[in-house]
Amino acid sequence: MKLFWLALRSEFLKSRRTLALATAAWMPALIAGLAFALFYFRSEDFAKMGADPWQLMASNVFGLYAVLILPMYAMVAAFSANQVEHVANAWKNIFTLPYPRLVIYLSKWTFAFLLILAFSLLLCGLMYLAGNALAVLKPEIGFQDFDSFGLTARFFLKFFLGVMGIFSIQFLLSFYWRDFIRPVGAGLALTIAGAIAAGWKYAYLFPYSAPMRISEQFRKEQLSILPPEILVSLLASGALFFLGYFLVLRRISR
Amino acid sequence: MNNYIIETAALSFSYPSGQAALRDISLQVKAGAIYGFIGQNGAGKTTAIKVLLSLLDNFQGEVRIFGADIREKRREILSRTGSLVEEPALYHHLTGWENMLNRALLLRLPKSRAGQVIRQVGLYDARHKKAGAYSQGMRQRLGIGLALLGSPELLILDEPTNSLDPSGIREVRELLARLAAEGATVFLSSHVLSEVEKIVSDIGIIHQGRLLFQGPMAVLRERAREECFLDTHDNQRCLEILAQEGLKALPAGQRLNLGNIGREEAARLNALLAGQGIKVYALEWGRKNLEQLFFEITNSPEAT
């Protein structure tokens, strides 16, 4: 456990000045800032609607967040965790450290996982702050009259769990391909395919469709935390973690 | 198998393509030695080093380091070993100091040790520069510094003097000699033979995956016979005269190599050549350097 903690701290140290770490901070701030600005400057329009503004804000954000931003960030986090070793040509080097190989692999995977978690939590928190700020600054919208942020938070959790399948596939692709174009290009193509195929009855089996399908569930207020697409995403993630580790060992043994 | 820091027995390794990279290698590296592992590019040096560092597991034979099997005691062995494999693995977006701190963190060492080593490799003044902005030589020194950080009992260095200028090479040489004097064992590979010759106490010559020679440097030197070299104003004419005398000479750069002849014979030849109007500028004896010996060994019938 001590070694895992040290290896994880090392991952964060190595991520200094990297795109993935910076994006985990500025992207949620940008999205929440834009949502705030939208409601602030069009407060009268939203006030006239009379609908739950928390849900309105969430549906405005989730549209792009689910289909593009979160899957893309999962790709960047997975890419970044591997790329730092590819660029330094350091894979062989870290495997000569007196650490169990599983700890090295697990710490890297956990680092990327935590980046996505931080990204999701930060956006969720900033949206909550934006809503509360609007309750004070623009009370006519009515953020103070509704207590439904829990639904938004629940869906942030669902999106996070739903993107785990994509993350794990991308982690594996980024481990094998040293460049940016192939893993992220393939991921983007699969994400688009997933969004197009999301309505197909078997699409729950395709992890790249999960965010789009969860977005639909938000519209329909289907609250279950573990619908089939999330279950498949988590199972795929678990299986790919061990497959990835097996492939790491195989690569070393050669 | 317990008198050596590194000992391999019948070590063989083939890549998945079927290409044999190591064939029946039996290394023996004594404690406190500076062992030079020399061979041309593609001879199998880096593959052997990867096996020693447990980066390649799928080998045949036995590999024991500190008396323990590398497959069974990987972590214990690696905790006592520092290494540099191929080029230094540096995080270019981090400064030299951050690279050191990262490794110190992983090895559970205090910052003061990182400071000590960065001074030792002469990068203290440049420590806040990003590693990506370092020259090749500075990167190499930082890579060596990372290998030294844990005060390892065994240092495995793959081509450590690569990209270093002559003063950098001398510094590395002195550093390795100091470490060996302090009790560390150094295993280093190189294809720059003249550099190895000056550093090492023991040597192994690998060629096409086979270990062709292994032993103390002094033993290898003994294999270098003393030879007589002749320098004249007309070497071509000289060759003809020597041939008429039934003597065989070989061109060796600007000179002729007369082989292992004695002083009396040399004096006779000198008189003969002078009598034929040849101006003899020099007649001197010398030993082969390691490079010449290396080519002699790797081109011997046993090597092929």
Side-chain angles (χ1 to χ4, degrees), chain A residues 1-23 76 79-108 110-111 175-176 178 180 245-254, chain B residues 13-17 21 46-47 49-59 70-71 73-95 97-109 130-132 139 142-143 146-147 149-150 152 156 158:
Chain A
M1 194 59 197
K2 175 78 179 167
L3 290 179
F4 170 71
W5 182 239
L6 289 172
L8 190 58
R9 277 178 62 196
S10 163
E11 290 302 323
F12 277 97
L13 201 156
K14 284 188 279 189
S15 74
R16 279 186 190 179
R17 294 186 283 274
T18 60
L19 177 72
L21 196 65
T23 309
V76 169
F79 166 78
S80 184
N82 286 287
Q83 182 68 3
V84 76
E85 308 303 341
H86 287 321
V87 169
N89 222 343
W91 282 112
K92 59 183 181 298
N93 203 274
I94 56 174
F95 284 114
T96 60
L97 290 169
Y99 277 61
R101 287 163 182 154
L102 181 62
V103 164
I104 291 167
Y105 181 74
L106 180 64
S107 64
K108 198 157 271 302
T110 306
F111 164 72
F175 175 73
Y176 263 87
R178 294 174 62 97
F180 179 79
Y245 179 60
F246 170 74
L247 291 173
V248 166
L249 291 185
R250 194 154 167 259
R251 182 177 260 201
I252 289 166
S253 71
R254 290 175 167 204
Chain B
F13 179 85
S14 297
Y15 284 103
S17 60
T46 301
T47 305
I49 283 178
K50 285 183 174 175
V51 169
L52 297 179
L53 290 168
S54 188
L55 288 169
L56 294 171
D57 284 347
N58 194 19
F59 58 84
I70 187 71
R71 283 174 167 141
K73 301 281 181 191
R74 173 185 166 270
R75 276 178 58 203
E76 286 82 345
I77 290 167
L78 292 179
S79 68
R80 299 165 68 186
T81 306
S83 62
L84 171 66
V85 190
E86 295 170 328
E87 75 273 31
L90 306 177
Y91 301 106
H92 289 194
H93 62 290
L94 300 181
T95 63
W97 179 240
E98 287 166 340
N99 271 282
M100 275 285 174
L101 285 185
N102 179 54
R103 182 63 64 88
L105 168 74
L106 288 165
L107 297 177
R108 290 184 268 189
L109 298 169
K130 283 188 184 171
R139 287 180 197 175
L142 185 56
L146 292 171
L149 196 60
I156 297 181
D158 193 8

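Below, chains carry the letters A, B, ... as their sequence lines are ordered, and counting in each starts from 1.
Highest contact tally toward chain B, considering only A:Ala7, A:Ala88, A:Ala90, is held by A:Ala88 [criterion: heavy-atom pairs under 4.5 Å]. With respect to chain A, the highest number of heavy-atom pairs below 4.5 Å among B:Glu98, B:Glu76, B:Glu87 belongs to B:Glu98. Among B:Gly150, B:Ala131, B:Ala89, the residue making the largest number of heavy-atom pairs under 4.5 Å with chain A is B:Ala89. Counting heavy-atom pairs closer than 4.5 Å to chain A, the top residue among B:His92, B:Lys50, B:Arg103 is B:Arg103. The choice from B:Leu78, B:Leu101, B:Leu146 that makes the most heavy-atom pairs within less than 4.5 Å of chain A is B:Leu78. Heavy-atom pairs under 4.5 Å with chain B were tallied for A:Asn93, A:Val87, A:Thr18; the largest tally goes to A:Asn93.
Contact of the A:Leu3 side chain with the B:Arg75 side chain is registered, since non-hydrogen atoms from C-beta on lie closer than 4.5 Å. Residues B:Glu86 and A:Asn89 fail the side-chain proximity criterion, which asks for heavy atoms closer than 4.5 Å. Counting heavy atoms from C-beta outward, B:Thr81 and A:Pro98 have side chains that stay 4.5 Å or more apart.
Heavy atoms from other residues, nucleotides or ligands lying under 6.0 Å from CZ of A:Arg178 number more than 12.
Closest approach of A:Tyr99 to B:Arg74, counting heavy atoms only: O-NH1, 2.9 Å. Across every non-hydrogen atom of A:Leu13 and B:Leu94, the tightest pair is O-CD2, 3.8 Å. Between A:Leu97 and B:Leu106, the closest heavy-atom pair is CD1-CD1, 3.6 Å.
For the residue pair A:Arg17/B:Thr95, the side-chain donor-acceptor check at 3.5 Å is not satisfied.
Applying the ring-ring contact (aromatic ring centres under 6.0 Å, His included) test to A:Phe4 and every residue at least two apart in sequence or in another chain returns nothing.
Of the two parts of A:Val84, the backbone and the side chain both hold a non-hydrogen atom closer than 4.5 Å to a non-hydrogen atom of chain B. Contacts between B:Lys130 and chain A at a heavy-atom distance below 4.5 Å involve the side chain alone, from C-beta outward. For B:Arg80, no part lies under 4.5 angstrom from a heavy atom of chain A.
Atoms NZ and CG, on A:Lys92 and B:Leu56 in that order, are 12.0 Å from each other to the nearest 0.5 Å. Rounded to the nearest 0.5 Å, atoms CG (B:Leu84) and OG1 (A:Thr96) are 9.5 Å apart. Between B:Leu105 atom CG and A:Trp5 atom CH2 the span is 10.5 Å, to the nearest 0.5 Å.
The backbone N or O of A:Lys14 lies less than 3.5 Å from a partner atom in the side chain of B:His93, making a donor-acceptor pair.
At a threshold of 4.0 Å, the pair A:Arg101-B:Asp57 counts as salt-bridged, since one of the basic side-chain nitrogens sits closer than that to a carboxylate oxygen.
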